[in-house]
Amino acid sequence: MQTPFRPVPAHPDFPAQEHAILELWRERRTFARLRAQNAGGPRWSFLDGPITANNPMGVHHAWGRAYKDLFQRFHAMLGQDQRWQNGFDCQGLWVEVNVERELGFTSKRDIEEYGIAEFVSLCKQRVLTFAARQTEQSIRLGMWMDWNDPHELRRLRDLLADDPTRVITVDGPRGPVTDTVEQIVGRLGMPELGGSYFTFSNENNYLIWSFLAECHRRGWLYKGHDTMPWCARCGTGISQHEMAEGYQEREDPGLTVRFPLVERPGEALLVWTTTPWTLTSNVAAAVGPALRYVKVRQGEQLYWLGRGTLKQALEGPFEVLEERRGADLVGWHYGGPFDDLPAVQQAFAASPDADGGPYEHRVVAWDEVGEDEGTGIVHIAPGCGAEDFQLGRQLGLPVIAPLDENGVFVPGFGSFSGRDVREVAEPIVERLRKSGRFYRVAPYLHRYPHCWRCGTPLVFRLVDEWYISMGPVYDQPRETLTREQVDASLRYQIMEVVDQIRWIPGFGYERELDWLLNMHDWMISKKRYWGLALPIYDCAACGTVTVVGSREELRERAVDGWEQFEGHTPHRPYVDAVKIACPGCGAPVERIQDVGNPWLDAGIVPFSTLHYREDPEFWRRWFPADFITESFPGQFRNWFYSLLAMSTVLRREPPFRTIFGYGTLYGEDGRPMHKSWGNAIEFDDAAERMGVDVMRWMFANARPEDNILFGWHAADEARRELLVLWNVFAFFMRYAGLAGWTPTGGAPDPARRPVLDRWILSRTAGLAAGVRERLEDVDVRGAATLISAHIDALSTWYLRRSRRRFSRHADEADRAAAFATLQRALVDLARIVAPILPFLAEEIYQAIAVAADPAVPDSVHLTRWPDGELAGLRDERLERAMGTLLRAAELARGLRAQAGLRLRQPLARLWVALPGGDLPERDALLALLADELNVREVALIGDESALVERRVKPLLPRIGKRLGSQIPAIMAAARANAVEYLPDGAVRLAGVTLAPDEVEILATPRPGTAVAHDEGLVVVIDTTLTDELRAEGDARELQRAVQDLRRDAELELDEPIELWIEAPTAVAERLAPYLGRLAAETLAEAVHLSAPPPDVAAVEVELDGGRARIALRRWFGEASR
RNA sequence: GGGGGAGUAGCUCAGUGGUUAGAGCAGCCGUCUUAUACACGGCGCGUCGUGCGUUCGAAUCGCACCUCCCCCA
């Protein structure tokens, strides 16, 4: 048999290899065969959190998707059956905003003029475009999922644009499926079509309907009337969940105005605001009842403001005239900033005071008022702020709501009516100047909420929105709640579900509970176009609210418009056409126009993708998911929350058992990736320039609970580590090829191989068990750390010490053992790294395992986890002994360096004192040490040798508590070695007797000897150099120089040479005994002890015995002279 | 304003009461090597954010303060 092993490049092109592997997997249908192989095995249920199909995926997505792929591959190697379903998040404002941008739209009016049906279709098309793109990118990442053909997704997109009603037939896993284009798109991810799930699917939408109907049945769904954060550009309310994502620094005008007091002529309140437009709707001024307020004089003017705000609020000199508590100011009336506006007058008239007259502006008390900013007097506009609204409701204040849904002033606001809220700051300041209400304006930098999608600063607006009630918060510890209390409050029910889940890292558990305890009711409506059509029918005539739970129910209740909807997916505008009969009064009722919160879409997937309705048995098999993983930031209030809430409502059980969360990906400079900062890296660039395995290795080594800093330098570091593994592999390929080695027999049984072989195989067995244990515990970094240590051991100890065994000079049986061992170690290492580094593992496995044995599985990913097969090779005693040896080598190298004796210079002797006096397999191990350290003999010494002395190390954790203040004296005695050894093994230090188990006895060097020590291990080198040793050192030096020349001449490894050595006679004589070996090592067919011919380049070598010149050239079959 | 986390070498971070605080990277110096621009080793005088306390002993525990980040208001 010819050797199957061929040299591989020393500098691999990882991206090119990865493309070749992708092609190999495609040709051999490897993934499909893996699924078939594991079908019917024990189940491992992974639930993919949907990725938003709205843009190409970024490197931050790759981090999470590397984890997802890693765990799926690992569990596949354990033989577990999986669903392998990827998910795309499809509906919601993020898609709308991008489509609007492409069309150049700036408002909802543009969309309505364009046509909602066409707009919604474009949203679907955008999703299909990027689902196709992300599918390709994920495949490039090596992610194995039941992918749709990206070309098919693009074809569906084009058909949708062309004619959604066209009937087509597509191939599905169970045969051809015929339907309209629109319906085929709506059925993507369903069993008959396979592939990724899409949250815009009919099933997803209708299941949310049934969830909402259930909420309504239990009385948790309601319409709220409140002042909400609102995006004027998007024309929609922003939920509490979304608010948190949009805080940004922003500069606003910090405007201070005077409110003249009615009962105190000549005096005015000073009030500060950063939102001038809200002054149009002012109804009150709030003071902190417990704060101190002062009256100050500035020129002719008299002002009231908080005592603690004088410096920041006033401009110019002032004189304090009077001081009062805030409570004393309450009830004072003042003239408002815009009393002439009809809207103000109407609102005040509609809210009469106790005397029956219209409401008047007044000072009110509010505990939340502070003195950190402004004037200590807060302007209150209940129609323009959430807290203002709450306060206004408590005090019965009138509400003035100035804005329409586009942020434009409604009629009744004089010249402001019809103007955009973003444009009125200047005119308002102008009006205030003219009316004498202006005091000062100064730019003010603060964190202000912005729309998380389009970046527009939010305003607050009085609106109707739909909510799911979270239930009461009880002011008592959770464990004291009664069953009735929990049954009455959804939030505590969710908490009980959260209790049953393993959160990794652990702080996730507290975070989620904290969120649940603090969260407000869940706002689920959005006044937009593309998304879940909320199945809510709010009868204007009698107020009855109906929530429709399914398509069938809608059909039954429909009294009008069904034929317009028939054949369409449950999206706007078609579903809007259907009217139902109000069960309260019989009147026809339209659906509310709102669409749903997109987290409803993602939260229902443990039900929709597992066919909760149409295949309960299937659902029961795969629910709950064993594992989900996503980036932590944000998801406590988003996906995790919606999963938990929906599963609690529908089943009151956890939708997943274990959740693994990770942090945020930043650029290498520690800042968020940002194109204009130059620290952004696109996924495609990263994949093609660093390779995805390098990326995956970086991710595997990251601490998931921290943020990761991602960049080209970090990638270089990761690649260097992989190159060490590659070099070991390349070494094997080159030498196995050179030796013509074949794996067919010849090698002794592993148990009878030399100690190095048994050691590396034991380490490999330990690695397989250790990595399995780490990955089962969801500790990728721990697994990666074990792998790194193993690669280091394989390269810098096993291979370095074994290299000669692979050469032509080695003993035949030993060489066979070495090749067989290294092959086995590499194949099994490839299997162990396969989940993390699927491409590199495959590359190595194909070259070393498949090429050598057609009977093995033809992909590393079709093999099983190797720990079971390897367990018999484990020898932990040997591993510990080798550990001691490695430490001895390290100490001895340090001694050589100190003594200025380089490794090439042989030494006569090395003395070693071993901890415990001996080692298993001592002779073989010490021979390795002699070889590594280039010493002729290793001699054992006892620890009572004259070279060392005993020292006592008291074990502080054991004696600290007992001995307390005597410790310093004991430690001083130990340092001075003032110790008395007692016959029973105890010792006396500073008059105190310490038991044998309270101290450690160390052998340490006596001062002044060339020794090194470490926990009972002592190493001593003999620094005496004889002439003979020097001569051998010279020979080694010369050999080194010849090898360098060979390299410079770019000779092949097996190309013979002829060699010239020109040296003084004395030097030549010293070298004579070593020339045979020199010739053998350097493949010199002829060695001339003479000057080289003039046409051959020579170099000088500095030897201990004098200077020599050497030269070589390729051997052509006979000597030159 | 409340809650949580962090602050340790030039950079990124370990270090849960034990006396002498470490690793990786970068830098410098060396070494090894037909695995050939691979690899290995050595080199660290750090106000352990600041102050006060507890203790025989504090980076570690407590209190106060400063700075940054996150979550919630």
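Here is how names work: the chains are called A, B, and so on, in the same order as the sequence lines, proteins then strands, and each is numbered from 1. Not measured: the values here are computed from a predicted model. Values below: all heavy atoms of this structure, side chains included; hydrogens, waters and symmetry mates excluded.
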Run the side-chain contact (heavy atoms from CB on, under 4.5 Å) test against [X] and tell me which residues pass, sequence neighbours left out.
X: A:V992; value: A:L963, A:Q966, A:I970, A:L994
X: A:A1035; value: A:L1071, A:Y1074
X: A:E512; value: A:V498, A:W503, A:W515, A:L516, A:F636, A:F640, A:Y641, A:L644
X: A:A736; value: A:F5, A:F732, A:W741, A:F819

Sorted by chain and residue number, the side chain to side chain donor-acceptor pair (under 3.5 Å) partners of A:E1032 (sequence neighbours excluded) come out as A:R936
At under 4.0 Å between heavy atoms, what does [X] touch on the DNA or RNA strands: base, sugar-phosphate, or nothing?
X: A:L1083; result: base
X: A:N701; result: nothing
X: A:R902; result: sugar-phosphate
X: A:L799; result: base
X: A:R804; result: nothing
X: A:H713; result: nothing
X: A:A10; result: sugar-phosphate

*asked:* Using the rule given for ring pair (Phe, Tyr, Trp, His ring centres under 6.0 Å), can you reason through A:F710 versus A:F699, listing the C-alpha separation, both sets of side-chain angles and the distance that settles it, and then say yes or no?
replied: CA-CA 9 Å; A:F710 186 92; A:F699 294 142; 5.7 Å; yes
Result for 5'-nearest mapping on RNA chain B, choosing between A:H11 and A:S795, is A:S795
Residues passing the ring-ring contact (aromatic ring centres under 6.0 Å, His included) test with A:Y798, sequence neighbours excluded, are none
Taken in chain and number order and not counting sequence neighbours, the residues that satisfy ring-ring contact (aromatic ring centres under 6.0 Å, His included) with A:Y492 are A:Y474
Write out a two-atom table: protein N or O, nucleotide N or O from nucleotides 65-68 of chain B, distance below 3.5 Å.
none

Taking atom [atom2] of [N] as reference, at what distance in whole Å does atom [atom1] of [X] sit?
X: A:L886; N: B:rC40; atom1: CG; atom2: C1'; value: 13 Å
X: A:L989; N: B:rG18; atom1: CG; atom2: P; value: 20 Å
X: A:N934; N: B:rG41; atom1: CG; atom2: P; value: 19 Å

A:T309 and A:T375 have their tightest heavy-atom pair at OG1-O, 3.3 Å
Under 4.0 Å between a side-chain N/O of [X] and OP1 or OP2 of [N], yes or no?
X: A:R803; N: B:rA35; value: yes
X: A:R1036; N: B:rU31; value: no
X: A:H520; N: B:rA73; value: yes

Table of protein N/O atoms under 3.5 Å from nucleotides 10-14 of chain B N/O atoms:
residue : atom : partner : partner atom : Å
B:rA14  : OP1  : A:R703  : NE           : 3.4
B:rA14  : OP1  : A:R703  : NH2          : 3.0

Given [options], identify the nucleotide with an atom nearest to the side chain of [X].
X: A:W515; options: B:rA35, B:rU33, B:rC72; value: B:rC72
X: A:V728; options: B:rU33, B:rC71, B:rA35; value: B:rA35
X: A:R511; options: B:rC38, B:rA35, B:rC70; value: B:rC70
X: A:Y735; options: B:rA37, B:rA35, B:rC40; value: B:rA35
X: A:N727; options: B:rC40, B:rC38, B:rC32; value: B:rC38

Worksheet item: So does A:D931 pair up with A:R800, basic N to acidic O under 4.0 Å?
Response: no
The correct list of stems in which RNA chain B takes part (3 or more consecutive Watson-Crick or G-U pairs, distances under 3.5 Å) is B:1-7 with B:66-72, B:10-13 with B:22-25, B:27-31 with B:39-43, B:49-53 with B:61-65
query = Is a side-chain donor or acceptor of A:N934 paired with a backbone partner of A:L903 at a separation under 3.5 angstrom?
reply = yes
Keeping the roles fixed (side chain from A:D757, backbone from A:T821), state whether a donor-acceptor pair exists under 3.5 Å.
-> no
Self-check item: Trace of the side-chain hydrogen bond (donor to acceptor under 3.5 Å, both in side chains) decision for A:E721 with A:S788
Solution: CA-CA 8 Å; A:E721 218 174 341; A:S788 288; 2.4 Å; yes
A:R902 meets the salt bridge (Lys or Arg N to Asp or Glu O under 4.0 Å) criterion, sequence neighbours left out, with A:E1037
List, with names and distances, any nitrogen or oxygen atoms from the protein found under 3.5 Å away from nitrogen or oxygen atoms belonging to nucleotides 21-30 of chain B.
none

What's the verdict on salt bridge (Lys or Arg N to Asp or Glu O under 4.0 Å) for A:D1044 and A:R1040, showing C-alpha distance, side-chain angles and the deciding distance? CA-CA 6 Å; A:D1044 279 347; A:R1040 170 93 293 277; 2.6 Å; yes
